[in-house]
Protein chains: 2
Amino acid sequence: MTEQSTERPTLEAVAARAGVSRATVSRVVNGGDGVREPLVERVRQAVEELGYVPNQAARSLVTRRHDAVAVVIAEPETRVFADPFFALQLRGISKELTAHDSQLVLLLTEGRDDHARVARYLAGGHVDGALVFSLHLDDPLPGLIRGVPTVYGGRPGWSDGSRGAVYVDCDNRGGAREAVRHLVGLGRRRIAHITGALDQTSAVDRLDGYRDVMVDADPKLIEESDFSPAGGERAMRELLDRCPDLDAVFAANDITAAGALRVLRERGRRVPEDVAVIGFDDMLPVTERTDPPLTTVRQDIEDMGRLMARLLLRGLDRRTPGPESGPAGTPSSVVLPTTLVRRASA
Amino acid sequence: MTEQSTERPTLEAVAARAGVSRATVSRVVNGGDGVREPLVERVRQAVEELGYVPNQAARSLVTRRHDAVAVVIAEPETRVFADPFFALQLRGISKELTAHDSQLVLLLTEGRDDHARVARYLAGGHVDGALVFSLHLDDPLPGLIRGVPTVYGGRPGWSDGSRGAVYVDCDNRGGAREAVRHLVGLGRRRIAHITGALDQTSAVDRLDGYRDVMVDADPKLIEESDFSPAGGERAMRELLDRCPDLDAVFAANDITAAGALRVLRERGRRVPEDVAVIGFDDMLPVTERTDPPLTTVRQDIEDMGRLMARLLLRGLDRRTPGPESGPAGTPSSVVLPTTLVRRASA
DNA sequence: CCCGTCGTTGAGAGCGCTCCCGAAACGTTC
DNA sequence: GAACGTTTCGGGAGCGCTCTCAACGACGGG
């Protein structure tokens with residue numbers, strides 16, 4: 001490991017070199033308003049020569065800002081690693097934070113009762129805000145988060161109507177409706193649905209969308225699953241046994257659909273001739289590699305991440321100016337549209 | 001967004017409440033050595049009552065420690081999201097850091113020339129150390145990192161012999177040897193190899209391992225690829241066209257192997273009867289879902305992450321005690337063993 | 001009985017920065 | 001030309017913490 005470099009220069013050192021006061025250097029470093037041009041130049045040069053970098057610790061000690069936000073991923077392992085969902089979202093978040101010179105502190109919960117640790121960290125005031133992925137109805141985390149501006153990824157599912165929580169989600173219900181309508185448009189009548197894990201609002205919303213179109217659907221056409229490939233396979237087998245006459249399947253996400261496709265092939269059903277299949281998410285590595293390529297409902301996951309970060313940062317900015325900028329400053333939730341991507345499977 | 005909570009208590013406040021000095025409270029908060037038991041108790045209670053949490057900024061200002069390490073992922077998008085490699089490694093790192101009360105600051109590079117930003121951040125002394133994934137031979141990042149203890153994920157590939165860099169890697173070469181030997185043991189003679197991206201040491205090492213066993217291999221049996229599913233498909237087609245008599249394939253990783261399997265099926269070759277296939281990594285979501293299930297070389301990715309963090313933290317501890325603990329304190333690189341996991345494909 | 005020693009506590013300096021405020025320099029206006 | 005803004009800059013306090021050092025008893029040995 002490389003050795004620690006020599007002593008880092010301080011504001012004081014820069015001031016001395018530029019022949020000005022600490023205060024002036026500080027002003028220049030923070031934008032340079034109210035400092036005359038020649039001085040600005042002199043200070044800039046001194047900063048350059050000494051390779052000065054502000055000490056963030058000293059800075060946050062007085063400003064009480066940290067230029068850092070926490071990203072909390074409180075999912076059980078399964079989903080996090082089964083599909084690149086979070087990776088994409090992180091990418092979006094990272095881009096937005098970088099653009100605002102903020103750092104990303106990643107908190108992964110380890111096991112069931114690790115929430116307290118995360119809550120304590122957030123309460124400790126080490127970050128300016130938090131982006132929380134907590135899509136499960138029974139998740140205790142939201143209740144534990146106090147005193148930290150928070151934006152949720154996906155509509156949180158607590159019972160008392162998401163009491164003013166800010167979240168970013170995609171139009172799960174609308175997207176599901178569009179998918180099922182498309183199947184109807186193809187002349188399919190026995191359209192099955194493999195649900196996601198119903199302790200997540202996304203799964204519930206997609207099911208609702210399905211029901212919106214299939215108002216008098218045969219309940220036997222609905223099989224509960226869990227967003228996993230194995231779950232998709234299981235559900236597909238179940239459905240085929242129960243309703244051999246089904247002619248279409250709307251799966252709650254792509255990897256579930258991929259599992260369904262495997263079972264359909266195994267059972268000798270042709271896709272899309274015998275059974276049309278539609279997924280959800282449009283995870284490219286999945287949808288483009290299935291056989292046949294998967295028709296699906298696209299949501300722009302990276303964009304959701306970016307938007308979450310933007311909402312949070314905006315809320316943070318709002319609390320700086322003026323005394324009590326009021327609730328007008330708090331941003332509200334956003335629901336992003338989805339689009340149907342037609343490939344070969346439906 | 002929830003409102004910021006009220007003013008946080010300071011050391012001073014705790015001291016006042018416990019009727020002791022700031023120094024004593026500090027001692028108790030940091031372990032309590034050299035403070036008599038009754039006082040410790042009184043302070044502990046005051047801390048509890050006020051809900052005191054140390055201000056990390058103030059603390060690092062004087063200690064120059066941050067209890068945070070940066071994780072730098074400088075991969076182009078493709079690989080990061082194609083397989084859950086980094087997600088698993090992050091999990092391992094996170095576990096180890098959590099156990100040492102350190103935070104994880106995630107830095108994703110955005111695009112080609114974002115290295116400077118990362119280098120600047122690391123040089124800024126905001127973190128105690130860095131874990132860097134930079135597996136490409138031409139990556140400028142390692143050269144830019146100065147003055148921050150760093151552990152690399154995967155053997156860095158710079159030309160001048162990894163000048164003392166500390167890294168954690170798996171035994172790519174040995175694992176490849178074992179895989180190819182296994183194929184030989186199955187009686188296969190025309191064993192092809194689909195390489196990974198050869199600007200990464202892991203790909204080079206696996207190729208070397210293949211060559212170790214196939215000392216006089218027909219060069220036509222080696223096809224260069226890039227670790228991607230699409231690349232695997234392309235390479236497999238190429239190989240089948242060039243060497244129709246091949247009876248086995250060792251692919252540089254699992255998703256490449258999955259691509260190869262698709263092409264083999266498409267071309268009517270039975271696996272493993274006509275062509276045996278082995279992958280590398282043992283990414284469960286991939287290997288267990290291919291048809292047939294994939295024989296592969298397992299590396300414990302999460303463990304690699306954990307080990308990287310442990311190495312870094314150990315190096316950090318070493319620099320605290322005594323004046324000049326010397327180079328004996330610097331940890332050295334680790335190469336983890338691999339194991340062959342037999343499934344149906346070979 | 002005095003003095004050195006040890007263990008325990010508190011006072012105070014200072015980490016590097018921001019920001020308030022007052023001084024200085026420079027117009028502007030009547 | 002005096003009185004009064006208006007910038008522009010520096011002085012200095014202080015953010016919350018750690019850590020050195022001195023003070024202070026208690027205690028045992030000479």
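Nearest to the side chain of Val62(A), among dG16(D), dT18(C), dT9(C), sits dT18(C). Considering only side-chain atoms of Ala58(A), the nucleotide from dG11(D), dC17(C), dC17(D) that sits closest is dC17(C). Which of dG16(C), dT18(C), dT9(C) sits closest to the side chain of Asn30(A) comes down to dT18(C). Distance from the side chain of Arg36(A) is smallest to dT8(D) among dT8(D), dC19(C), dG16(D).
One finds a side-chain N or O of Arg64(A) lying less than 4.0 angstrom from the OP1 or OP2 phosphate oxygen of dG16(D). At dG10(D), one or more side-chain N or O atoms of Thr24(A) fall inside 4.0 Å of OP1 or OP2 (strictly under the cut-off). The phosphate of dT18(D) has OP1 or OP2 within less than 4.0 Å of a side-chain N or O from Ser26(B). Side-chain nitrogen and oxygen atoms of Ser21(A) include at least one within less than 4.0 Å of the OP1 or OP2 phosphate oxygen of dG10(D). Arg8(A) has no side-chain polar atom (N or O) that falls below the 4.0 Å cut-off from OP1 or OP2 of dG16(C).
Scored by the side chain to side chain contact (heavy atoms under 4.5 Å, CB included) test, Ser94(A) finds Thr98(A), Leu104(A), Leu108(B), Glu110(B) as partners (sequence neighbours excluded). For Ser102(B), there are no side chain to side chain donor-acceptor pair (under 3.5 Å) partners two or more places apart in sequence or in a different chain. Arg44(A) is linked by a side chain to side chain contact (heavy atoms under 4.5 Å, CB included) to Val28(A), Val40(A), Glu41(A), counting only residues two or more places apart in sequence or in another chain. When the ring-ring contact (aromatic ring centres under 6.0 Å, His included) test is applied to Tyr121(A), the partners found at least two apart in sequence or on another chain are His126(A). Under the side chain to side chain contact (heavy atoms under 4.5 Å, CB included) criterion, Ala58(B) pairs with Leu61(A), Asn55(B), not counting sequence neighbours. Under the ring-ring contact (aromatic ring centres under 6.0 Å, His included) criterion, His66(B) pairs with no residue at all, not counting sequence neighbours.
Under a 3.5 Å cut-off, the side chain of Asp128(A) and the backbone N or O of Arg65(A) do not form any donor-acceptor pair. Looking only at distances, a side-chain donor or acceptor of Arg8(B) sits under 3.5 Å from a matching main-chain atom of Val53(B). In this structure, Ser60(B) contributes its side chain and Gln56(B) its backbone to a donor-acceptor pair below 3.5 Å.
Under the 4.5 Å side-chain criterion, counting only non-hydrogen atoms from C-beta, Val151(A) is not in contact with Leu307(A). Two residues are said to be in side-chain contact when any heavy atoms from C-beta on lie closer than 4.5 Å; Gln103(A) and Leu107(B) meet this criterion. By the 4.5 Å heavy-atom criterion applied to side chains, Tyr152(B) and Leu131(B) are not counted as neighbours.
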Close N or O pairs between protein and nucleotides 21-28 of chain D (under 3.5 Å):
none

Please produce a list of atom pairs where a protein N or O lies less than 3.5 Å from an N or O of nucleotides 22-24 of chain C.
none

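The end-to-end axis angle of the helix from dC1(C)-dG30(D) to dC30(C)-dG1(D), rounded to 10 degrees and based on five pairs per end, is 50°.
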Show the numbers, then the answer: is there a side-chain contact (heavy atoms from CB on, under 4.5 Å) between Val334(B) and Leu336(B)? CA-CA 6 Å; Val334(B) 176; Leu336(B) 294 170; 4.1 Å; yes
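With rounding to whole Å, His66(A) atom NE2 is found 16 Å from dC17(C) atom P. Computed from coordinates, the Arg22(B) CZ to dT18(D) P distance equals 10 Å when rounded to whole Å. Remark: P of dC15(C) and CG of Leu61(B) are 9 Å apart, rounded to the nearest angstrom. Following rounding to the nearest Å, Leu39(B) (CG) and dG7(C) (P) show an atom-to-atom distance of 17 Å. The distance from atom CG of Asp67(A) to atom P of dT18(C) is 11 Å, rounded to the nearest whole Å. Look at CG on Leu11(B): it is 15 Å from C1' on dA11(C), rounded to the nearest Å. Summarising the geometry, the separation between CD on Glu37(A) and P on dC9(D) is reported as 11 Å, rounded to the nearest angstrom.
Between Phe133(A) and Phe86(A), the gap from one ring centroid to the other is short of 6.0 Å.
Residue pairs meeting the salt bridge (charged side-chain N to carboxylate O under 4.0 Å, His left out) criterion with at least one partner in residues 10-39 of chain A, sequence neighbours excluded, are Glu12(A)-Arg22(A), Arg17(A)-Glu49(A).
Shown for residues 12-20 of chain B: residues whose heavy atoms fall under 4.0 angstrom of DNA chain C, namely Val20(B). Of the residues in residues 42-57 of chain A, not one places a heavy atom less than 4.0 Å from an atom of DNA chain D.
A salt bridge is absent between Arg91(A) and Glu302(A); no separation between the charged side-chain nitrogens and carboxylate oxygens falls under 4.0 Å.
Here the options are Leu39(A), Leu11(A), Val35(A), the test is side chain to side chain contact (heavy atoms under 4.5 Å, CB included), and the partner is Val25(A); only Leu11(A) passes.
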